[in-house]
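Just below is one structure, and these are the notes that go with it.
Just so you know, these numbers come straight off a predicted model, no measurement behind them.
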Amino acid sequence: MKKYLVISIVIIAIALVAMIFFFERNRKPVVGILFPIDSATAYSDRMAGALIAIKSLPDSVKFVDIDFKSSDLSTVISKSIKSGIRYFVTFLTSSQASELRNVLNGKDVILVDSQVTNPVVINEIKDFYTISPTDTIQASAIADYIHAKNYKNILIIKGDQNPIYENYLSSRIASDLHNYGINSIITDANQSLNAAADCVVLVMSSNRVIEIMPQIRSRYGMIPVIGSDWTLDQTLLNSQLSNGMIVTCFADLANLSKSFKELLYKIKMFPDSPMLLAYNAVIVTFLLAKNGVRADDAEKFLDSHAFLGSNGEFTFSNKSASSKIYFYRISGESLTLLGSWR
């Protein structure tokens, strides 16, 4: 009797191990998408891009929405990691991302962001990747554009909501302009506009652009105003104050599939760079999760693959996506391509 009991226990144990192995093997990997609830309206285009991407993918990966307030970002990610989530999609600013050094470093997690551009922040966080070109590349593109247009006196106005991004990019643009022999002055958005200028560069959020544009037009008239990548989103496109602005964009807004355009028409949204980059971030993170890529192997995986995104194929190099930079002029409800760089 005792012999049969032992045999039964062994059989049950083997069955339990087999069941656990089966469920573990067939359990879908989870990707957390962090959504800032205190900036929900401003991030509507990012969420639209993410949702369009998720709808286009097979259900072999589970996506979960993780809401957070900006002040609780580190705490929310820490709790999500403890719950077992190893892959994340985020739409952070460079200043927000800098807070995650101690949260992510040393953990077997991968975070793919759609809009962090500061190269220092990207490199300091081991398993952090971005879909956007870095600010070093963006600064060179803006300086080259200004040089090609033969502008001589540039006023660079920086905001105060994302200081790591605003300070670094402003300084890099000024440095690259100096290499061309072009004069530039950097000023804060809350200071008086007294400097002489034949071109203005804005390094700030779209909300700050809308606040300062009346002052710029009053002081300088219709001189060229170039916005950095962070200026371009639905808020800017829906404001008449942006009319005539030139914006820096990390996506080809004209080269979209028919189905993508139809979806945007249904939800009554303009295509913009944050939307398309969010789409790409979801695609990349899906493939990382589906293939079970560990944090230590993520950079090698990304560097060795080409990814099919909203604008066709793109690749990675040095933890950021390699892509062209486009310059568009806002004309009412339309965008006119002025040229591309790289």
request  = May I have the step-by-step check of side-chain contact (heavy atoms from CB on, under 4.5 Å) for R208 and L202, ending in yes or no?
outcome  = CA-CA 9 Å; R208 294 294 273 146; L202 302 179; over 6 Å; no
request  = Could you grab the distance from atom CD1 of I154 to atom CG of L177, nearest 0.5 Å is fine?
outcome  = 6.0 Å
request  = Please check if any side-chain donor atom of D272 sits under 3.5 Å from a side-chain acceptor atom of Y328, or the reverse.
outcome  = no
request  = Give a yes or no on whether N179 atom CG has more than 12 heavy-atom contacts from other residues, nucleotides or ligands under 6.0 Å away.
outcome  = yes
request  = Would you sort out whether Y145 and T248 count as a side-chain contact (heavy atoms from CB on, under 4.5 Å), showing the intermediate values?
outcome  = CA-CA 10 Å; Y145 180 86; T248 310; over 6 Å; no
query = Can you tell me how far the CD1 atom of I325 sits from the CZ atom of F250, to the nearest 0.5 Å?
reply = 5.0 Å
ask   = Can you tell me if N162 and W230 form a side-chain donor-acceptor pair at under 3.5 Å?
value = no
inquiry  = Keeping S170 on the side-chain end and N167 on the backbone end, is there a donor-acceptor pair under 3.5 Å?
reply    = no
message = Quick one about Y180 and D144 (side-chain donor to acceptor, distance below 3.5 Å, no hydrogens or angles considered), yes or no?
response = yes
CG on D176 to CD1 on I182, rounded to 0.5 Å = 10.0 Å
key: Any donor-acceptor pair under 3.5 Å from R86 side chain to I81 backbone   = yes
key: Shortest non-hydrogen separation from M275 to F270 and the atoms involved   = CE-O, 3.3 Å
request  = Go through the steps for K107 and D127 under the test salt bridge (charged side-chain N to carboxylate O under 4.0 Å, His left out), then give the verdict.
outcome  = CA-CA 9 Å; K107 308 291 195 305; D127 301 309; over 6 Å; no
ask   = How far apart are the C-alpha atoms of D108 and R294, what are their side-chain angles, what is the distance that settles it, and do they pass the salt bridge (charged side-chain N to carboxylate O under 4.0 Å, His left out) test?
value = CA-CA 7 Å; D108 185 22; R294 301 291 297 267; 2.5 Å; yes
task = Classify the side-chain pair S228/Y165 by whether it contains a donor and acceptor separated by less than 3.5 Å.
result = yes
Separation of I330 CD1 from L236 CG (nearest 0.5 Å) = 4.0 Å
key: From CZ (R217) to CE (M222), nearest 0.5 Å   = 4.0 Å
message = Would you compute the distance between atom CD of E166 and atom OG of S205 and round it to the nearest 0.5 angstrom?
response = 7.0 Å
inquiry  = Under 3.5 Å, is there a donor on one side chain and an acceptor on the other for Y168 and T136?
reply    = yes
ask   = Quick check: does any side chain N or O of S132 sit under 3.5 Å from a backbone N or O of S114, one acting as donor and the other as acceptor?
value = yes
query = Are more than 12 heavy atoms from other residues, nucleotides or ligands located less than 6.0 Å from atom NZ of K126?
reply = yes
task = State whether a side-chain donor-acceptor pair under 3.5 Å links N123 with K319.
result = no
